[in-house]
Protein chains: 2
Amino acid sequence: MSRLAILGAARDLLLERGYERLTIDAIAARAGVGKQTIYRWWASKSAVVADAALEGDLAPPLVPLPDTGDIETDLGDWLRAWTERLTTAEGTSLILALTAATADDRAVADTLYDRFTQPHEQLLRDRLELARVAGQLAPDAPVPTIAGVLIGSMLYRVLSRQAPPTADDANLVVRLVFNGSGNRSRRTGV
Amino acid sequence: MSRLAILGAARDLLLERGYERLTIDAIAARAGVGKQTIYRWWASKSAVVADAALEGDLAPPLVPLPDTGDIETDLGDWLRAWTERLTTAEGTSLILALTAATADDRAVADTLYDRFTQPHEQLLRDRLELARVAGQLAPDAPVPTIAGVLIGSMLYRVLSRQAPPTADDANLVVRLVFNGSGNRSRRTGV
DNA sequence: CAGTTACGAGACGATTTGTCTCGGAACCGG
DNA sequence: CCGGTTCCGAGACAAATCGTCTCGTAACTG
């Protein structure tokens with residue numbers, strides 16, 4: 001099956017040239033495959049990219065999120081590790097390409113979210129829910145919102161293509177989400 | 001000067017068809033302008049899009065951020081208003097198009113950030129800094145991080161093209177950022 | 001060994017890109 | 001009023017890319 005060769009070629013070219021400058025011809029040439037073989041299985045460039053991200057080992061395996069009993073430490077560790085992945089050259093190219101594909105095609109957006117972003121978000125939600133039930137979070141803590149804030153904050157820094165997020169940024173966001181920044185009810189931060 | 005006609009046509013087509021399906025020919029035709037006139041002033045599609053966003057009244061004027069003395073209320077009002085703009089059909093198309101342009105071209109990314117995103121972020125930072133000095137925030141509150149979290153969280157929801165952010169989401173994020181979600185030092189939320 | 005299927009290769013017309021040339025309109029100096 | 005200059009709409013053009021198609025070969029089937 002040349003499917004893997006195609007997805008591998010798509011992945012390489014995606015990282016090399018970005019989504020806009022990726023062509024079907026180039027994928028076919030690098031994969032040593034006829035164009036028709038690509039069109040046989042995928043309807044568009046964005047669909048190939050979506051599958052390449054999902055199957056072609058481009059998608060990093062989920063960063064593990066342990067449960068040591070200390071939710072703040074666990075989330076901090078996770079967010080730092082996740083951020084480090086995002087900020088590698090490969091991770092950044094990937095995110096930019098997938099974001100372009102998402103903007104391009106609604107169906108691809110759904111696929112990518114379900115199979116790429118949502119699992120990370122779900123991981124966070126599950127861990128947060130455990131912590132909430134265990135009394136480490138406020139009983140009415142908005143778990144889905146917290147997960148979105150953690151991911152969205154880091155992603156925003158990557159997508160703006162200005163200063164990429166650092167480990168310190170990840171730490172600050174986690175601290176902020178747990179302790180808040182208001183002055184009335186503050187205990188300690190560090 | 002046909003500059004404004006070009007930017008206006010680019011804006012219309014951008015909102016109608018999205019960034020990927022926007023063509024220079026179509027812009028020229030709708031603007032009643034020769035293609036050369038476009039190439040005389042802009043180097044690429046992404047550059048035209050960037051200018052269209054910035055000049056062609058596509059960029060919403062800054063949502064005002066008043067100072068009533070209550071930072072949490074002020075930021076809540078602002079974030080809700082800003083989110084409402086993002087979630088209109090026009091706002092969403094615009095954000096998707098600009099994100100695609102940002103992923104496409106590094107120079108355009110810098111321009112768009114400086115003139116489009118950064119002003120909003122700066123507005124938040126200034127207001128937050130005032131509040132911090134006034135003692136409404138913890139003395140060591142990470143002002144730039146907070147601004148990025150507010151904007152990034154909402155933007156993430158728009159870019160994922162799943163459930164768009166609501167006024168409730170904006171409220172939750174603001175509350176979260178001020179009060180935190182940890183259980184040790186919580187007073188009230190509402 | 002004949003029939004069938006898969007697929008690499010590439011020709012093809014359509015579309016878009018970016019460059020180039022033409023011709024007319026507006027403005028300028030005399 | 002007129003010749004010169006500049007601006008710019010219009011569109012021709014080659015190159016690149018798209019998605020479809022056809023061909024020829026290799027592998028598999030019975």
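Note on naming: letters A, B, ... go to the chains in the order of the sequence lines (proteins, then strands), and numbering restarts at 1 for each one. Small disclaimer: the values here were computed from a predicted structure and weren't measured.
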What nitrogen or oxygen pairs link the protein and nucleotides 12-16 of chain D at under 3.5 Å?
none

Could you state the CZ-C1' distance from B:Arg17 to C:dT15, rounded to the nearest angstrom?
12 Å
Among D:dC21, C:dG18, C:dT16, find the nucleotide with the atom closest to the side chain of B:Tyr39.
C:dG18
Take the protein atom CG of B:Leu13 and the nucleotide atom P of C:dT16, then report the distance between them rounded to whole Å.
12 Å
Could you give the CG-to-P distance, from A:Leu4 to C:dC7, as a whole number of Å?
13 Å
Nucleotide nearest B:Gln36 (side chain, heavy atoms from C-beta), chosen from C:dT19, D:dC18, C:dT16:
C:dT19
Nearest whole Å is fine: how far is C:dG18 C1' from B:Trp42 CH2?
16 Å
Between C:dG18, D:dG9, C:dG8, which nucleotide has the shortest distance from any of its atoms to the side chain of A:Thr37?
C:dG8
Could you tell me the separation between the CD1 atom of B:Ile24 and the C1' atom of C:dG18, rounded to a whole number of Å?
9 Å
For residues 141-156 of chain B, which side-chain donor-acceptor pairs fall under 3.5 Å, sequence neighbours excluded?
residue: B:Ser153; atom: OG; partner: B:Val149; partner atom: O; Å: 2.6
residue: B:Tyr156; atom: OH; partner: A:Glu121; partner atom: OE1; Å: 2.7

Atom-pair distance (CZ on A:Arg21; C1' on C:dT17), nearest Å
14 Å
Can you list the residues that meet the salt bridge (Lys or Arg N to Asp or Glu O under 4.0 Å) rule with B:Glu129, with sequence neighbours excluded?
B:Arg132
Contacts of A:Leu123 that satisfy side-chain contact (heavy atoms from CB on, under 4.5 Å) - sequence neighbours left out:
A:Leu65, A:Trp78
Contacts to DNA chain D from residues 98-106 of chain B, heavy-atom cutoff under 4.0 Å, which residues?
none
OG1 of B:Thr102 to OH of B:Tyr113, rounded to nearest 0.5 Å, is 11.5 Å
Interatomic distance, A:Glu20 CD vs D:dT17 P [rounded to whole Å]
13 Å
With A:Asp51 as partner, the option from A:Lys45, A:Arg3, A:Arg11 fulfilling salt bridge (charged side-chain N to carboxylate O under 4.0 Å, His left out) is A:Arg3
Rounded to the nearest angstrom, tell me the gap between atom CD1 in B:Ile38 and atom P in D:dC7.
18 Å
N/O donor to acceptor pairs below 3.5 angstrom from side-chain atoms of residues 31-38 of chain B, sequence neighbours left out:
residue: B:Lys35; atom: NZ; partner: B:Asp25; partner atom: OD1; Å: 3.4
residue: B:Thr37; atom: OG1; partner: B:Arg40; partner atom: NH2; Å: 3.4

Tell me every residue that passes salt bridge (Lys or Arg N to Asp or Glu O under 4.0 Å) with B:Asp105, counting only those two or more places apart in sequence or in another chain.
none
Of all residues at least two apart in sequence or in a different chain, which pass the salt bridge (Lys or Arg N to Asp or Glu O under 4.0 Å) check with B:Arg80?
B:Asp77
For A:Asp110, all residues meeting salt bridge (Lys or Arg N to Asp or Glu O under 4.0 Å), sequence neighbours excluded:
A:Arg106
